[in-house]
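In the text below, chain A, chain B and the rest are named by the order of the sequence lines, each starting its count at 1.
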Amino acid sequence: MNALKRHRRLDAIWSSQPGWKGWFSTVNHSDVGRMFLATAFFHFLVGGVLAMLIRAQLATPHSAFAGPEIYNQLFTMHGTIMMFLFAIPTFEGLAIYLLPKMLGTRDLAYPRLTAYGFWCYFFGGAMLLLSLVLGIAPDGGWFMYPPLTGPIYSPGINTDFWLIGITFVEISAICAAVEFTVSILKYRAPGMSLAKMPIFAWYALVTSLMILTGFPPLILGSILLEVERAFGLPFFQAEHGGDSLLWQHLFWLFGHPEVYIIFLPAAGVVSTIIPVMARTTLLGYGWVVAAVVALAFLSFGLWVHHMFATGIPHMGLAFFSAASTLVAVPTGIQIFAWIGTLWKGRPQLHLPMLHILGFFVTFVIGGLTGVMVAVVPFDWQVHDTAFVTAHLHYVLFGGFVFPMLAAIYYWLPLATGRKRFFRLGEVAFALVFFGFHLTFLAMHWVGLMGQRRRIPTYAPEDGWTTINLISSIGGFIMAIGLAIVLLEVVLHMTTRHRVARNPWRSGSLEWAMTLPPPAYNFASLPHVEGRDPLWADEALAVRLARGEGYLGDPPDGQRETLTVDIATGDPDYHVVYPANTRLPIVFSAVTGLFFLSLLLKVYWLTPLAVAGVAAVGWGWVWTLGRREDPGTQDVGRGVRLPSSDSVARSPGWWGSLFLLVANATFFGSLLFGYAFLWTVAPDWPPPALIAPSLFVVAVALAGAAFGVAGIALADRANRRGGAPVSGLGIALLGTLGSAAAFAWLMIGTPDPAGHAYGATLFVLGAYGLFHAALAVLMTCFLIARLRSGFMAPGRAAGLPIVGLWMAYLALVTVPILLAAYLPWVLA
Amino acid sequence: MNDLLRILAGPLLWLATFSAVYGLNGVVCGVCAGGTAFGDVSLPRVIFAVAWLVAIGLQLGLVAALHTARLGSRSSFVRVVSRTTGWVGLAASLWTLFPTVVTSSCL
Ligand code: HEM
Ligand SMILES: [Cu+2]
């Protein structure tokens, strides 16, 4: 087969449907990545317009441009859109687009999940934008503190839009994080050991792990607050044993890691681009990896620094103040690695480099004001003033937007295969840079003079007039600069100015393909020997197109790739991907129906939507099956690999594992909330404790044990060629028992609407019930699979996945029972 | 996977002990804020200081384990990175839990 014929063959297999129809059925990472980025930048535009409205209002004293109600919506939606609908999705889009190309493979681990995540983001974002258009947008500030956002002070639907819409959007973040984690660990070019991964992949891996452990507390908080608002279960109301500080803990447990989740991918971009611009390799690769890991963990120990002004005990303040200052160290290490890289190379001032310099200056200033507010007495002075707003924009705009602009200019030739020919970008950079510093340097100052954040207006006597006007002018200059960036991107895409392959002369694999990249990325997969494969072998792209790598002989109609051993990068399994389908958009529409029914309080629809989700989910997994044994496959270069459907540690198993990591964090946060209320909230211990029920304890424990043992038996029988019927029967019995026990626990909970104790126990019981019901569903699924002839010794992937979920059910059963009954035993 | 865990272990242990000591601070001050031990040193102070020492001990143990041939990684890259993050965990424990012995315990 020659290169052209191979290209035609692969293209027929991998292309999405032509025309607009393709948008709804594509599962290809390049397509979905572009859709993600376009949607994210649309949200950036909306958030930016809101920022302009805010600055217009603040430009003059006693401004009547927007009243307080509208102003509240403006800043809340600006913050919310920028954080949840722009920054995180931009990372997701960029990583979805780039990771498989950088890692030398053809797609991410779960192509349909990529598309599902996108549609959840799209619909969730649309919900929030709709509220903005209708003038009923959230207005409680981007961190939504109760009691302000509780049912008493915010009775309207505004807050519900936030809680429900953002939770919907978070689903896409969790999907993407699971997918990136598994893709980076398993879906790489053969030979790419951990030590040879492109540095961006390390950043993306750490960021994904942070999303998996950082987002669940917020999802939990949003669910609790929404349940309090809709059904009156008092988690945050002090008069019923709740505590509004619980929200602050849950929110900032998410919120501080969040800012690093935003910063780390941007830093990954910087670490990728700087060496290329300086024509050298990254200085201290291993140190940078260690610093990124350290940064990720340290950022989880900082959340209380957002609560310095809430009356926390002194020792707690000191812990978090110390941790907050410490986090500057790994950030500093990265900055020194970048400076060192520039030092040892021959840096060239291309446009991406300009934005990176803008990043340096801005981010370092933001880091310094960050250390200032990490010191408790200083924070007490400036808390909730414009100084904090200025600080957070130095880190967010400096630490995220500048690197993203660099990324746009750096990877645009890759995505389009064209080059710019107007030099608008340099002008745009100058406007953005000076506009930004004019706007926010001024805000530090006016903050120190006492201007609070989130105030709709001020009086001339306050003496803030001139500074605010300067700040607003700066804001508009920056806006013009950003508009020029947009203009240039559009011009770039609409003109014909073909770029040569690998225009920056990078060593990384994403440039080893024809531009713009074909749907399958690589005609054959490379064997990687070092960190810069393209520098080691300039002709790599041509050799891959000629089919000299792995999987160069595409069989008809199969989208295939291979996975590798996590540590060594030796190829281990052969994978066949699902092809174009509308299932993801349908699935997310049904998911959306569930959220919509809660938002509009049409509760009869909720169970129908849940049933719909279960049904589509069933169909989703069902289509993955095989009725015949796949056998081993020849993947080229003399290697034969077993199919991933035949092994215990299949891609689905890894995905479940990391999803369960997120799930366990969610559960841990719930237990933390329970313990927090016991020790800190007023009005505890509660008036009445629930008495232990022998029935619940015995049935729940036996059910969990049966579930685990049943699946283990079934798995063993299946692998030995026997019939797994009895094992599945035992598991079904066990999971049904579990469900009954948790339902009984919920029924016996003393008045959930009366005291936070009952409310929390009720939620714990519901959590157990949900997992038991899920286990029942999974067991039924396996039984149906067995009856339809999908199970055989050579197709062993399904049972271990369900086994994992059974083990998790058993694992959470014990703490739930302890939380419910231990207080009574002790009392 | 084990290599990934080796790299994450040090900071993860710090996060666990840091949160545990913060929680302990809440619980101990709720239960026995007034007690004293060893003459005029307050009981909470003693408990927190011991907790700090335990945290440091655990981190030291982990660093030592990562330096052994049996528990360390076979890849030299992972060995270097995991030992570095191990030391990071130790340094973080020393610095962030240092307040246990200097600031007021239950105010
Ligand atoms: C495009 C240029 C931007 C301008 C001119 C701008 C301006 C502002 C202003 C004036 C406020 C203060 C509102 C008040 O306290 O009354 C604000 C708040 C905020 N901004 Fe921006 N901003 C910009 C970009 C961004 C970006 C890129 C992000 C994040 C990635 C961001 C995140 C936030 C957040 C989280 C708040 C706090 C909202 C709240 O208090 O609830 N902003 N912005
Ligand atoms: Cu923070």
Contacting region of [X] [heavy-atom separation from chain B under 4.5 Å]:
X         : value
Leu295(A) : neither
Val329(A) : neither
Leu185(A) : side chain

Do other residues, nucleotides or ligands put more than 12 heavy atoms under 6.0 Å from the CH2 atom of Trp653(A)? yes

Can you confirm whether more than 12 heavy atoms, excluding those of Phe336(A), are under 6.0 Å from its CZ atom? no

Distance check, rounded to the nearest 0.5 Å: [X] atom [atom1] versus [Y] atom [atom2]?
X         : Y         : atom1 : atom2 : value
Trp303(A) : Ser19(B)  : CH2   : OG    : 5.0 Å
Thr100(B) : Phe319(A) : OG1   : CZ    : 5.5 Å
Leu12(B)  : Phe300(A) : CG    : CZ    : 10.5 Å

Is Phe98(B) in contact with chain A via its backbone, its side chain, both, or neither, using a 4.5 Å heavy-atom distance? neither

Does any heavy atom of chain A fall under 4.5 Å from the side chain of Val88(B), the backbone, both, or neither of them? side chain

Kindly give the heavy-atom pair with the smallest separation between [X] and [Y], and that separation in Å.
X         : Y         : answer
Val81(B)  : Gly286(A) : CG2-O, 3.9 Å
Ala92(B)  : Leu298(A) : CB-CD2, 4.1 Å
Gly301(A) : Trp14(B)  : CA-CH2, 3.9 Å

Under 3.5 Å, side chain of Trp95(B) to main-chain N/O of Ala322(A), donor-acceptor pair present? yes

If you define the side chain from C-beta out and look only at heavy atoms, does anything of Pro11(B) sit under 4.5 Å from Val293(A)? yes

Return the option, out of Asn2(B), Asp3(B), Thr96(B), Asn25(B), with the maximum number of heavy-atom pairs under 4.5 Å with chain A. Thr96(B)

Max heavy-atom pair count under 4.5 Å with chain B, selected residue of Ser321(A), Ala291(A), Ala290(A), Gly316(A): Ala290(A)

What residue in Trp287(A), Trp654(A), Phe676(A) has the most heavy-atom pairs under 4.5 Å with chain B? Trp654(A)

Run the ring-centre check on Phe18(B) versus Phe320(A) and record whether the distance is less than 6.0 Å. yes

Output, in order, the C-alpha distance, side-chain angles, deciding distance and verdict of side-chain contact (heavy atoms from CB on, under 4.5 Å) for Trp202(A) and Ile7(B). CA-CA 12 Å; Trp202(A) 274 107; Ile7(B) 292 177; 3.9 Å; yes

Given side-chain contact (heavy atoms from CB on, under 4.5 Å), test Thr85(B) with Phe297(A) step by step and report yes or no. CA-CA 10 Å; Thr85(B) 53; Phe297(A) 278 96; over 6 Å; no

Quick one: which residues of residues 203-210 of chain A reach chain B at under 4.5 angstrom, heavy atoms only? Leu205(A), Leu209(A)

